Amino acid sequence: MSAPLWDNPPMNTTLLSGLNPPQLQAVTLPRQSALILAGAGSGKTRVLTTRIAYLISTGAVSPHGILAVTFTNKAAKEMVTRLSAMLPINTRGMWIGTFHGLCNRLLRAHYREAALPQTFQILDSGDQLSAIKRIMKALEIDDEKYPPREMQNFISGSKEQGLRAHDVEAFDPYTRRKVDVYAEYDAQCQREGVVDFSELLLRCFELLSRNESLRTHYQERFHHILVDEFQDTNPLQYQWLKLLAGQHNALFAVGDDDQSIYAFRGANVGNMKDLLRDFKVEAVIKLEQNYRSHGNILDAANALISNNRNRLGKNLWTSEQGGEKLRVYEAPTDVEEANFIVGEIRQLKTEGLKLTEMALLYRSNAQSRVLEHALVSAGLSYRVYGGLRFFERQEIKHALAYLRLMQNTDDDNALLRIINYPTRGIGARSIEQIQDSAKMHGTTLWDAAARAGGKVSAFVGLIEAMRSATSALPLPEIMEHVLVHSGLIEHYQSEKGAKKREAEERLENLKELVTAATLFVHENEDDSLTSFLTHASLEAGEHQAGDQDDALHLMTVHAAKGLEFNAVFITGLEENLFPHQNSQRVDGGLDEERRLMYVAITRARRRLYMSFAQRRMLNGQVSYGAPSSFLKELPEDLLQWLSAREAPRNPFASFGYSAPAAPVQHSVSSTGWRTGQRVMHLKFGEGVITGVEGSGTDGRVQVNFKHAGSKWLALEYAKLTAL
DNA sequence: ATCTATGGTTTTTTT
DNA sequence: AACCATAGAT
C-alpha cells in the first residue's frame, strides 16, 4: 500500500474549501449508506470525487477499499483524472469504472469460477443481434412473427431483471417460444465462449451470489461503494450493488430522479426509493444549488419538470438570477432551421465565444445530417459525438473478427463474418454445408470447416498461418499482418467507381486501427490481444481524436447528459420528434421525454436556443409537425420569439397557440439576398451568404465560399446566382 | 459464386 | 435517405 498520507491531512484547507454546507455534509459523512439527491449542475461529480479523496486522505479507507461505479467510460475517466489531481496516489489499481468494465474485470480474475474461457470475448449489440438471427434460423423461427430486434430486447430485458430463461414466466405460447430462443441463445454463447453486455453483469452477479468465499472476500475489501447516476441503475445492477455491500458496507449513491432517461434500457428509478428502505438510509442529502445556469434557464427547467408526477422533490436554485431570455425560433423547414443556427453560431463566434463552448443537441442521431450539411457549407468545424462508433464500423469489425477467430476458434460469429469476406469463393451453399456438418457432429463451425476441403480448408489454413506467423509479435504488428494477409487491404484498394471514396475512408480507418493498437499498447499494462478486443467492445466510442481543436459539439440529448456549455441549441422541437412518437406507446414515456428535455435545458450556462421546423425530411419523406408540447410548458415571459409566426404551410396543421411577433431575423432584405442562401459565383465557385448589408444594388453581401474562403462582395458588380 | 437490382422496411435514446 | 434481404442476371 502507498505511504500513509493521512498523517498530515492538508485537505481541510484545500480539499474541502469552497464546498457549500450540504456538499460538505455529503463529503464528510461518517461511514453509512446515503442517498445524495444532486440536481443538475449542483456539483455532483465534485462531491463524489472529493468524498473519495476525503476518505482516503483521512485514513478512513485505503484506495484499495474503494469501489466507485459509473455508467460511462467518460465519467469514470473524469473521476480518475480529478482524483489524481487531488491526491498524490496511484489511481491505477483502484476499482473505478463502469458497471460493465468492473464486472468484466471481476470475471477475468475468476474466469474459472464463472465457467468462462480465459479469453472470453464480448459481443456488442450488433454481434448479439446476428447471433440471435443465427439461432432463429437454426430453430426455424419466423422472423416476421418474431422480429429479431424484439427478441434481442426480450433477452437483454430479462437479463437486466436478473432472469435466466428458466426464470421467465411464460403463460402464452408466444412468450414460451421467445424463452426457447433465449435458452438456446445462452447455450450458444456458452459454447462459443462469448458474453453480451448484460451477460457481463448477470454472470458476475451469479458468481458472487453462488460463491460465498468470493463474495465475502470482496465484501470485506470494499468498505465504501460509491455510485454515480444512481437513477439509471437497472434491477440487476442494484442487486449487484446490494450483494457487494452486504450487511456492513456503506453505499454512497448519487443521483437525480429528474434526470432518469434510460428507462427504455431497463433503468428503474424506483431503485432510489428501494435504496432508502433496503439500506435503512438516514442520510438523504439534497444538493439544490445550481452553479451552472442563469436564473431564466433554471426557472424554465423547473417549470417544465414540475409537470411530472412522482418526483422525489427537489428545488433547484441559483444565485445567478435573470440572465438572457430563452430564444425560440420557428423555421419553415429543417434546412432553414439549420441555416438559422449557423447564422447564430457565427454571430456568437464574432462575440468571442469559442466553438467548443457551444453544443447542438437533437433527439435522434438521424437529425445530425441536415445540421452537418449546413455547418460544412459554412466552413464551421464540428465534431459529432456518438452515432456510429469507430469500433462499430464494418471494416473494423471485419478486421477484429479475424483476430477473434485466431484467438478463439469457437467463435462462430467471427467465423461467419469473415469466412467469405473478402470473397474467396465460399458461398451460401458451402456455409450451409459447414453448418450442417457442425450440427451433425456436434462441433463448432471451425472444426467442421477443418474437416471440409477445397476453398474452405484454404481459409482454415489462412487463419492458422496467420496465427503462427503472429504468435510472437506485438499487438500493432499482429494487426498489420492480419490486415495484409486477410486480403482486406487489397479488397478495399481494388474498389473503384462509386464505392471508391467509401473504400478509401475504410482504408483510412484500418490504418487508424493500427494506430489505436499502438496507442493501446503504450497506455495499458495488459497489452494482450484479449485485452485489446475487450477494450474495443467496451469502449467502442471513446476513441476520439482532435479534442483540442476548436470544434462545435453535436450530439443527442442523451449523450449530453453530464456536460455543460455556454450556449446550447436544442433543435427539432416538434411534436412526435421531441417528445418522440414512440414514447407515447410506452407507459410513462412522456414523462421520460420531459426529463430528457429537462436534461437538455440544464446543459446551458448562459444562452439557450430552442428551434423547430414546420416541415422536415423524416425517414425519406416530408413531414409536417406541430411545435413540441414542451414549449408550451415553459413560462412565456422567459421566452423570446425570434421569428415572426408565419401562417403554417400545412393547411391541416393548426398550431394551438400564438406568440408575440418579434422582429424578423434573417429575412430577405431589400437586396433580394438573405443569409443562409447558397450561391454560385463565376470566379469563386459555390458558397453561402453569411451577411447582408445595405439595400438594393447598393448593398453588399458576405459570402463564405467552399474553396475561396469568406468574402464581401458588392452586389453592383458581383454576379451571383442562387442555387 | 458473385454481383446487381429491386423492393420493402426502417430509427429513439446506449453501456 | 439509407439499410437490408432476396431474386434475378452474369
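Chain naming here is simple, since letters A, B, ... match the order of the sequence lines and numbering starts at 1 in each. Model, not experiment: these values are computed from the prediction.
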Establish, with yes or no, whether the OP1 or OP2 oxygen of [N] is under 4.0 angstrom from a side-chain nitrogen or oxygen of [X].
{"X": "A/Ser198", "N": "B/dT15", "answer": "no"}
{"X": "A/Ser125", "N": "B/dT14", "answer": "no"}
{"X": "A/Arg369", "N": "C/dA2", "answer": "yes"}
{"X": "A/Arg389", "N": "B/dT15", "answer": "yes"}
{"X": "A/Asn365", "N": "B/dT14", "answer": "yes"}
{"X": "A/Lys74", "N": "B/dT15", "answer": "no"}

Between [X] ([atom1]) and [N] ([atom2]), how many Å, whole number?
{"X": "A/Leu618", "N": "B/dT9", "atom1": "CG", "atom2": "C1'", "value": "15 Å"}
{"X": "A/Gln152", "N": "B/dT15", "atom1": "CD", "atom2": "C1'", "value": "13 Å"}
{"X": "A/Asn582", "N": "B/dT10", "atom1": "CG", "atom2": "P", "value": "11 Å"}
{"X": "A/Asn619", "N": "B/dT11", "atom1": "CG", "atom2": "C1'", "value": "7 Å"}
{"X": "A/Asp143", "N": "B/dG8", "atom1": "CG", "atom2": "P", "value": "16 Å"}
{"X": "A/Glu144", "N": "B/dT10", "atom1": "CD", "atom2": "C1'", "value": "14 Å"}
{"X": "A/Glu150", "N": "B/dT10", "atom1": "CD", "atom2": "P", "value": "12 Å"}
{"X": "A/Gln394", "N": "C/dA2", "atom1": "CD", "atom2": "P", "value": "16 Å"}

- Query: Quick one: on DNA chain B, does A/Phe99 or A/Arg424 contact a more 5' nucleotide (nearest heavy atom)?
  - Reply: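 Mapping each residue to its closest nucleotide by heavy atoms, the 5'-most match is A/Arg424.
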- Does a side-chain heavy-atom distance below 4.5 Å link A/Thr70 with A/Phe99?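 Not in contact.
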- Can you check whether A/Met555 reaches A/His553 side chain to side chain, under 4.5 Å on heavy atoms?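 Heavy-atom side-chain distance check passes, below 4.5 Å.
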- In whole angstrom, give me the gap between the P atoms of B/dT13 and C/dC4.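 Taking atom P in both B/dT13 and C/dC4, they lie 15 Å apart.
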- Item | C1'-based separation of B/dT11 from C/dT6 [nearest Å] |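 The answer is 22 Å between these two C1' atoms.
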Closest to side chain of [X], choosing from [options]:
{"X": "A/Arg429", "options": "B/dT11, B/dT15, B/dA1", "answer": "B/dA1"}
{"X": "A/Thr72", "options": "B/dT13, B/dT15, B/dA1", "answer": "B/dT15"}
{"X": "A/Lys133", "options": "B/dT14, B/dC3, C/dA5", "answer": "C/dA5"}
{"X": "A/Ser430", "options": "B/dA1, B/dT11, B/dT14", "answer": "B/dA1"}
{"X": "A/Thr98", "options": "B/dT15, B/dT13, B/dC3", "answer": "B/dT15"}
{"X": "A/Ala366", "options": "B/dT11, C/dA5, B/dT13", "answer": "B/dT11"}

Counting any heavy atom closer than 4.0 Å, what does [X] reach on the DNA or RNA strands: base, sugar-phosphate only, or nothing?
{"X": "A/Asn420", "answer": "sugar-phosphate"}
{"X": "A/Arg595", "answer": "nothing"}
{"X": "A/Phe264", "answer": "base"}
{"X": "A/Ile261", "answer": "nothing"}
{"X": "A/Tyr262", "answer": "sugar-phosphate"}
{"X": "A/Lys455", "answer": "nothing"}

- Task: Keeping the roles fixed (side chain from A/Asp143, backbone from A/Tyr146), state whether a donor-acceptor pair exists under 3.5 Å.
- Result: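 No: the side chain of A/Asp143 does not pair with the backbone of A/Tyr146.
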- Task: Using the six-membered ring of A/Tyr598, assess whether NZ or CZ of A/Arg595 lies under 6.0 Å from its centre and within 45 degrees of the ring axis.
- Result: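 Judged by the rule (NZ or CZ under 6.0 Å from the ring centre, within 45° of its axis), A/Arg595 is not positioned above A/Tyr598.
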- Lys NZ or Arg CZ of A/Arg108 over A/Phe120 ring: under 6.0 Å, within 45°: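 A/Arg108 over A/Phe120 ring: yes.
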- Starting from the C-alpha separation in whole Å, work towards a yes-or-no answer on side-chain contact (heavy atoms from CB on, under 4.5 Å) for A/Met597 and A/Leu573. CA-CA 10 Å; A/Met597 181 66 181; A/Leu573 275 168; 3.7 Å; yes
- Give the intermediate values and the outcome of ring pair (Phe, Tyr, Trp, His ring centres under 6.0 Å) for residues A/Phe264 and A/His558. CA-CA 12 Å; A/Phe264 72 92; A/His558 281 89; 5.8 Å; yes
